[in-house]
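Every chain is numbered from 1, with letters handed out A, B, ... down the list of sequences. Predicted model only: the values in this text are computed from it and were never measured.
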Amino acid sequence: MAEADLIDVRRRKLEDLESRGVDAYPRRFEVETTVATLRGLYEGWDEERLQEEEPRARLAGRIVAQRGHGKAGFADIEDGGRRLQLYVRKDVLGDDGFALWKQVDVGDFVGLEGAVMKTRSGELSVRVDALTLLSKAIRPLPEKWHGLKDTEIRYRQRYLDLLANPEVRETFKTRAAIIRGLRAHLDAHGFIEVETPMMQPVYGGAVARPFTTHHNTLDLDLYMRIAPELYLKRLLVGGFQRVYELNRNFRNEGISTLHNPEFTMLEFYASYWDYGRMMEFAEELLTTVIETVVGTVDIEFQDQEISFQRPWARLTITKALVAIGGVPEKLLSDTEALRAWLIEREVPVEDMSYGYMLDAALGRLVQPRVTSPVFVTHFPTEASPFSKTVPGEPESVERFELFCGGLEVANGYSEINDSREQRLRMEEMAVNRPPDVPEMDVDEDYIHALEYGMPPAAGIGFGIDRLVMLATDSPSIRDVILFPLLRPKS
RNA sequence: GGGCCGCUAGCUCAAUUGGCAGAGCAACAGACUCUUAAUCUGUAGGUUCAAGGUUCGAUUCCUUGGCGGCUCACCA
């Protein structure tokens, strides 16, 4: 039947009910129990005991299946993700109640009251003696057995995806649990959660194109933040010793299975730590959360066996390129030979400096091959404008990236707190920025803040969406973002 | 943005070489007071993503466009 006809049928039922004085959208229903608690209480009881004691139940849920049976019938309701069978009999429900039962469709919300029982086949059920319509659905739900597979509908109408595919609900519960776990661990270690501007007059803290917007009253162009970094470090200047922010960043770049224009980032900063201490803490934080949420530190992600068992491997970028990326060691001391070797392997490094070449090679040759977590350290200085250099090694910085399951999951470093050095490095970045990167101003206000003195500190940023992908074995970032950005359908 | 693939009933999917567009579920009518992917009988349901082209004839072939997926390049 055409969709319009299916809707018409339900509309007619709705009008028929209303003409008989039924309120199809009542204000409230006093629920006394849930499917989960009911199952917890009575699942273990046998048929005889339920028959003798006849416990009563009053609950509500959405009809997800119906099986008519003449002057009787069965329905399954879903409430909080759990299902329960209803048993309806005309002689128990009465004529009016049974008439309502006949007009109820899959998708409708109902409230009900009755005796808890078990059927002959042992299925815990409620023999309904009072049925109340709580909300009439006028569109048909996706099919019960095959669920909803059309990716476009799944993303555009996520509510249908959640309705039809229970594992999708689990993914987003896991997401919530991860975020809860991260907050709990940080809170327990003296970090305080802060909120810094998402609309910034000067954007910074990362290399990416921003979204722009405008404040009318101030007649001021603003940028949606690409990172909260520079504001969080201002708070270290202000005397907060440990801060974190877990919220959205916005980057006006491509969309892919790993990128959504708005994505969730956890950034935190600890005074008196360096990047080494931060790596230790990151290990502890992630293993704790993964173990709590997934139940084990050995997970499977897209057919890879990943172990978060500590300690995690740590390699300098050059060692990683040799050991994991397969770069011949002798090429590392010969820029042009390395360039030729990389280009042969389709790593586009034509106009790059040595440092940017290493970074590009890392992304192409190392990252995809990493399964269990690996910290890569000693990044080239030119690509890291906020990281302190390694003592005696001005070309490398005290910075690490965390790779896992072929994904970049985190990025952290010892923060520059010398205002003179920070200015130089920002100016260098403004001149030597990689091709295709928009002009970036030196954030004078940030330099000014550093001049008041920032304690030595380390900071880190975690891509939360990717973390959730790992924990839920999701192949695309769109599977872990409830409403990913799609082109509007005209 | 480039390349490849997809779009058929509300949902999940078929359709031979280009030859009457079909099934299951859902819906509707009927039967059925312990079913659970209920069962049985019957009925109805289509702008085959859109526009154009080739053809006697297009879901099928071609062109353009829309939307989506994967992938490559930039970004986490």
Can you tell me the base-pairing partner of B:U16? Count Watson-Crick or G-U wobble geometry only, both distances below 3.5 Å, and say none if there is no partner.
none

For a quick check of understanding: with a heavy-atom distance under 4.0 Å over all strands, which category does A:D91 fall into, base, sugar-phosphate or nothing?
base

Taking A:D76 first and then A:R67, would you say they form a salt bridge - that is, a charged N and a carboxylate O separated by under 4.0 Å?
yes

Rounded distance in Å - CD1 (A:I153) to P (B:G68)
13 Å

Counting the benzene-type ring for Trp, do A:F211 and A:F250 have ring centres under 6.0 Å apart?
no

If the cut-off is 4.0 Å, is A:T257 near the phosphate of B:U71, judged by side-chain N/O to OP1 or OP2?
yes

For nucleotides B:A29 and B:C62, find the distance between their P atoms and express it as a whole number of Å.
46 Å

Lys/Arg N to Asp/Glu carboxylate O, A:R56 vs A:E54, below 4.0 Å
no

Taking pairing as Watson-Crick or G-U wobble with both contacts under 3.5 Å, can you name the mate of B:A38, or confirm there isn't one?
none

Compare side-chain N and O positions of A:R487 against OP1 and OP2 of B:C67 and report whether any pair is under 4.0 Å apart.
yes

Counting heavy atoms from C-beta on, name the nucleotide in B:A73, B:A27, B:C25 closest to the side chain of A:E143.
B:C25

Specify the separation, in whole Å, of atom CZ of A:R11 and atom C1' of B:A27.
16 Å

For the pair made of CZ in A:R67 and P in B:C32, what is the distance, rounded to whole Å?
19 Å

State the pairing partner of B:C7; accept Watson-Crick or G-U wobble contacts with both distances under 3.5 Å, and report none otherwise.
B:G66

Any N or O donor-acceptor pair under 3.5 Å from the base of B:U35 to the side chain of A:E123?
no

In whole Å, what is the span from the CG atom of A:L141 to the P atom of B:A26?
13 Å

Face-to-face contact A:H146 to B:C11 six-ring, under 5.5 Å, under 30°:
no

